[in-house]
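Quick caveat: nothing in here was measured; it's all calculated off a predicted structure. Excluded from the calculations below are hydrogen atoms, water molecules and symmetry mates; all remaining heavy atoms, backbone and side chain alike, are included.
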Amino acid sequence: MARRKLIAGNWKMNGLRADGTALAADVAKRLKAVGQARYDMLVCPPFTLVPLVLDAVKGSGVDVGGQDCHMQMKGAHTGDTSAAMLKDLGCSHVIVGHSERRTNHGETDGIVKAKAEAALAAGLVAIVCIGETLEERDAGKTLEINRRQLLGSLPDGANAANTVVAYEPVWAIGTGRTATPEQAQEVHAMIRAELVGKLGQEIADGLRVLYGGSMNPKNAKELLALPDIDGGLIGGAALKADDFFAVAEGSPA
Ligand code: PGA
């Protein structure tokens with residue numbers, strides 16, 4: 001089954017109003033110029049820029065998402081943002097369980113799952129991130145770790161329309177070191193097989209699994225051509241419209 005590629009930019013904690021708005025407007029203009037793109041495009045700016053970015057991309061087909069959400073919809077959670085708040089602004093997606101959240105904020109699979117379920121309850125698509133560290137890879141535990149994170153983090157009620165999985169090897173994030181096509185495909189194939197077991201063939205066939213970790217214009221084409229890679233979650237290269245588009249245009253025809 002053909003899955004439409006999803007090219008998602010994760011801006012992380014980058015961008016002030018002027019440059020963030022300019023980047024969003026540039027991305028919007030380019031997507032419009034492409035016309036009928038063969039991929040979906042999403043940008044996930046920091047919370048502070050979400051309304052400005054939504055404005056800047058209006059009518060272009062570029063979707064906007066958050067980088068994290070709380071597991072509750074409201075309440076006494078100083079500094080947090082709920083999925084309902086993102087939905088209320090006009091976001092369509094939210095990233096949950098990024099390795100920087102897992103590492104810097106102690107997010108466990110259980111927390112990530114609860115966040116993903118909050119996203120679904122709010123009507124957002126959850127982009128659930130998983131990935132092994134270099135230590136885990138070197139210890140031969142890559143498949144085991146990713147399987148555990150996947151099964152522990154997938155929201156109940158996941159389907160192809162409300163959930164996306166992103167495989168991001170931690171050692172490849174922001175390092176300029178990308179997984180080889182063989183390394184990526186091995187994990188993506190395992191993810192697909194686990195999705196079949198958990199959600200059934202039909203849902204698993206439609207559910208998109210992204211690769212992330214130093215994806216750039218040089219390596220995107222090869223990665224995006226692999227049978228189980230359905231797009232990219234792009235950090236550094238998403239901060240330059242040229243690079244972001246070069247990655248997107250690497251999607252197979
Ligand atoms: P990177 O980040 O492309 O800069 O490696 C990807 C990510 O962390 O989502």
Side-chain angles (χ1 to χ4, degrees), residues 3-10 12 40 42-44 63-72 80-83 86-87 91-133 136 142-170 172-173 179 184 187-200 203-213 215 228-235:
R3 292 174 291 269
R4 196 171 152 84
K5 299 279 193 250
L6 172 61
I7 305 298
N10 173 13
K12 309 194 178 185
D40 295 330
L42 169 73
V43 293
C44 300
D63 289 325
V64 179
Q67 298 175 11
D68 176 48
C69 67
H70 197 272
M71 63 176 83
Q72 306 282 325
D80 281 311
T81 303
S82 73
L86 290 170
K87 178 72 180 176
C91 285
S92 52
H93 294 66
V94 63
I95 299 168
V96 293
H98 190 280
S99 68
E100 287 151 17
R101 301 287 319 172
R102 290 178 186 262
T103 304
N104 301 344
H105 300 271
E107 294 189 6
T108 59
D109 292 335
I111 291 174
V112 175
K113 178 177 186 201
K115 289 183 171 203
E117 286 173 353
L120 269 44
L124 295 172
V125 177
I127 302 179
V128 180
C129 301
I130 60 173
E132 82 287 358
T133 62
E136 290 161 344
T142 298
L143 294 181
E144 174 194 330
I145 294 290
N146 281 290
R147 185 177 292 116
R148 191 206 72 214
Q149 288 187 8
L150 175 73
L151 297 178
S153 308
L154 265 186
D156 285 350
N159 63 41
N162 65 19
T163 303
V164 172
V165 173
Y167 167 55
E168 300 202 300
V170 178
I173 294 177
V187 178
H188 279 248
M190 177 279 289
I191 292 170
R192 187 80 58 203
E194 291 295 332
L195 291 174
V196 172
K198 187 158 170 82
L199 305 174
I203 292 177
D205 276 349
L207 201 151
R208 293 187 282 195
V209 184
L210 313 183
Y211 169 81
M215 201 183 233
D228 287 300
I229 296 193
D230 308 314
L233 183 53
I234 298 134

Q) Quick one: does Lys87's side chain have a donor or acceptor within less than 3.5 Å of a partner on Leu124's backbone? A) no
Q. Hey, is Asp230 close enough to Arg192 for a salt bridge, meaning N to O under 4.0 Å?
A. yes
Q: Check whether any side-chain N or O of Glu132 sits under 3.5 Å from a backbone N or O of Asn146 as a donor-acceptor pair, and report yes or no.
A: no
Q: Let me know which of Leu154, Ile203, Leu150 forms a side chain to side chain contact (heavy atoms under 4.5 Å, CB included) with Lys198.
A: Leu154
**Q.** Partners passing side-chain contact (heavy atoms from CB on, under 4.5 Å) against Asp63 (at least two apart in sequence or in another chain)
**A.** Leu42, Ser92, His93
(Q) Restricting to side-chain hydrogen bond (donor to acceptor under 3.5 Å, both in side chains), what partner residues turn up for Asn104, sequence neighbours left out? (A) none
Q) Is any side-chain heavy atom of Arg101 less than 4.5 Å from a side-chain heavy atom of Ile111? A) no
Q | Partner residues of Thr133 under the side-chain hydrogen bond (donor to acceptor under 3.5 Å, both in side chains) criterion, sequence neighbours left out | A | Glu136
Q.
I'd like to check the ring-ring contact (aromatic ring centres under 6.0 Å, His included) partners of His188; sequence neighbours left out, ordered by chain and number.
A. Tyr167
Q) Under 4.5 Å between any side-chain heavy atoms of Arg208 and Asp40, yes or no? A) yes
Q) Do Leu210 and Met215 come close enough that some side-chain heavy atom pair is under 4.5 Å? A) no
Q.
Less than 4.5 Å apart, side chain to side chain, heavy atoms only: is that true for Glu107 and His98?
A. no
**Q.** Those residues that, when tested against Glu194, pass side-chain hydrogen bond (donor to acceptor under 3.5 Å, both in side chains) (two or more places apart)
**A.** Arg147
Q: Taking only Lys NZ, Arg NE, NH1 and NH2, and the carboxylate oxygens of Asp or Glu, determine whether Arg3 and Asp228 approach each other closer than 4.0 Å.
A: yes
Q: Taking side-chain contact (heavy atoms from CB on, under 4.5 Å) as the test, write out the residues that go with Asp109, two or more places apart.
A: Arg102, Arg148, Gln149, Ser153
Q.
Measuring only between side-chain heavy atoms, which start at C-beta, is Leu233 closer than 4.5 Å to Val164?
A. no
